[in-house]
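Lettering follows sequence order; numbering is per chain, from 1.
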2 protein chains.
Amino acid sequence: MPPQPLDDLDHHLLALLQQDSGKTLAALGELVGLSPSAVQRRITRYRETGLITRTVAVLDPRTATDALLAICAVTLDRESVEAHEEFRAHLLANPHVQQLYNVTGDHDYIAVLATTGIGQHRSVADEVLKSAPNIRRYTTMVVLDPLRTTLTLPTR
Amino acid sequence: MPPQPLDDLDHHLLALLQQDSGKTLAALGELVGLSPSAVQRRITRYRETGLITRTVAVLDPRTATDALLAICAVTLDRESVEAHEEFRAHLLANPHVQQLYNVTGDHDYIAVLATTGIGQHRSVADEVLKSAPNIRRYTTMVVLDPLRTTLTLPTR
DNA sequence: TCTGAAAGTTTTCATCC
DNA sequence: GGATGAAAACTTTCAGA
């Protein structure tokens with residue numbers, strides 16, 4: 001799948017779709033200056049090339065049933081490939097791991113845990129972190145306010 | 001807007017919609033055991049109550065034009081309300097700030113910066129962090145691998 | 001009050017130019 | 001890239017449980 005070069009209209013469309021994918025092809029076309037069929041062709045291409053992986057509904061963490069977010073910085077006690085693989089598999093198996101990043105610096109991983117409250121957080125943290133293999137240490141930061149939560153990526 | 005209690009069907013629907021909002025009402029109805037119109041009524045309610053804030057297209061950070069993610073932990077040098085307000089406004093004004101959380105612990109904020117490469121990252125980091133008000137210190141962790149990037153929240 | 005079904009409208013999809 | 005017709009989806013309305 002050759003990652004075709006994007007033109008100005010693509011950048012514009014992708015920005016719009018990342019803000020709101022519920023617009024009709026006609027509405028999108030009006031905004032970017034294309035016919036609905038041209039918009040449709042481009043969106044189909046984004047999907048086929050894997051640029052757009054999925055479209056999802058976003059819940060408001062402030063409205064959602066007492067959503068509790070926590071950010072964990074994790075350092076492994078071994079740097080072997082197997083240790084990392086084990087750790088990743090363990091965390092990715094848990095649906096409460098909303099995000100997981102392998103990062104540079106003092107920590108190896110940053111994980112975002114999403115639960116419905118402090119009670120659930122405790123049990124998930126126990127299961128996900130305490131029982132995870134190869135962890136040297138971890139720090140948990142409870143989210144007091146999710147000021148912005150998007151997955152928007154710039155395309156240029 | 002009364003945050004109406006959710007029943008089992010609501011939990012099921014919300015989980016499905018957070019995974020893929022592209023399904024048709026008929027397909028969703030089949031999965032949860034409701035008619036398309038009943039499904040639509042519920043989804044409309046989620047939107048009206050603000051539980052679902054938007055539906056968006058998700059770009060693959062690995063496929064997207066050399067997307068570079070970085071996670072910054074920020075500590076402010078003053079704990080005044082004004083200092084926090086200033087800092088938040090400054091960061092939220094920048095579209096490259098993909099996520100921003102106010103957290104407990106040694107740091108005050110965790111920010112996720114999304115750029116198209118190290119060059120853009122430098123300029124954004126300069127603009128967003130160096131010129132931000134009230135920052136005592138910050139640490140930047142470059143994302144080597146975005147193993148999971150969702151905004152999925154559990155509803156129970 | 002919520003569900004299911006049907007009618008009317010809009011959007012999407014596929015093929016054409 | 002634009003346009004058209006067919007298919008599909010969504011929205012609204014209404015009657016029943």
Side-chain angles (χ1 to χ4, degrees), chain A residues 1-60 63-66 116 151-156, chain B residues 1-60 63-65 151-156:
Chain A
M1 216 86 70
Q4 255 151 299
L6 304 173
D7 63 18
D8 288 356
L9 269 45
D10 289 318
H11 293 298
H12 193 174
L13 266 177
L14 287 165
L16 292 170
L17 291 169
Q18 288 189 91
Q19 286 170 8
D20 177 9
S21 68
K23 291 189 175 69
T24 65
L25 299 175
L28 290 167
E30 191 120 354
L31 288 169
V32 303
L34 278 179
S35 70
S37 40
V39 171
Q40 189 199 21
R41 245 192 307 270
R42 286 176 185 245
I43 294 179
T44 301
R45 179 154 52 81
Y46 305 149
R47 295 189 193 284
E48 284 176 350
T49 58
L51 183 54
I52 289 182
T53 54
R54 58 197 200 282
T55 92
V56 300
V58 180
L59 268 51
D60 180 0
T63 304
T65 58
D66 300 307
T116 55
L151 294 177
T152 305
L153 296 179
T155 54
R156 63 169 165 193
Chain B
M1 215 90 66
Q4 255 152 298
L6 303 173
D7 63 17
D8 288 356
L9 270 46
D10 289 319
H11 292 297
H12 194 173
L13 266 177
L14 287 166
L16 292 171
L17 291 168
Q18 289 189 92
Q19 285 169 7
D20 177 10
S21 68
K23 291 189 176 71
T24 66
L25 299 175
L28 290 167
E30 190 119 356
L31 287 170
V32 303
L34 279 177
S35 70
S37 45
V39 172
Q40 204 227 3
R41 246 188 308 269
R42 287 175 184 245
I43 295 178
T44 300
R45 180 154 51 82
Y46 307 147
R47 295 188 194 284
E48 284 174 352
T49 57
L51 183 55
I52 289 182
T53 54
R54 56 194 198 284
T55 91
V56 301
V58 180
L59 268 50
D60 179 359
T63 304
T65 58
L151 295 176
T152 305
L153 296 178
T155 54
R156 64 168 162 193

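In this entry the distance linking NZ of A:Lys23 with P of C:dT12 reads 12 Å, nearest Å. As a whole-Å value, the separation of B:Leu25 CG from C:dT12 C1' is 14 Å.
Proximity of A:Gln40 to the phosphate of C:dT12: no side-chain N or O atom is located under 4.0 Å from OP1 or OP2. Between A:Arg41 and the phosphate of C:dA14, there is no side-chain N or O to OP1/OP2 separation shorter than 4.0 Å.
Nearest heavy atoms, A:Ala57 versus B:Ile52: CB-CD1, 3.9 Å.
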**OP:** Carefully, step by step, assess B:Thr63 and A:Thr49 under the rule side chain to side chain contact (heavy atoms under 4.5 Å, CB included).
**Re:** CA-CA 8 Å; B:Thr63 304; A:Thr49 58; 5.5 Å; no
**OP:** Take B:Val56 and B:Leu151 through the side chain to side chain contact (heavy atoms under 4.5 Å, CB included) test and state the conclusion after the steps.
**Re:** CA-CA 11 Å; B:Val56 301; B:Leu151 295 176; 5.9 Å; no
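Using a 4.0 Å heavy-atom cutoff across all strands shown, B:Arg45 reaches no nucleic acid atom at all. Among the protein residues, B:Thr24 comes within range of the sugar-phosphate backbone only, with heavy atoms under 4.0 Å from sugar or phosphate atoms but none that close to a base.
With a cutoff of under 4.0 Å to any heavy atom of chain A, the contacted region of DNA chain D is bounded 5' to 3' by D:dG1 to D:dA3.
Judged purely by atom type and a 3.5 angstrom limit, A:Gln18 uses its side chain to pair as donor or acceptor with the backbone of A:Leu153. The main-chain N or O of B:Leu17 is never found under 3.5 Å from a side-chain atom of B:Ser21 such that the two would form a donor-acceptor pair.
Evaluated for a side chain to side chain contact (heavy atoms under 4.5 Å, CB included) with A:Val32, the options A:Arg42, A:His12, A:His11 yield exactly one hit, A:His12.
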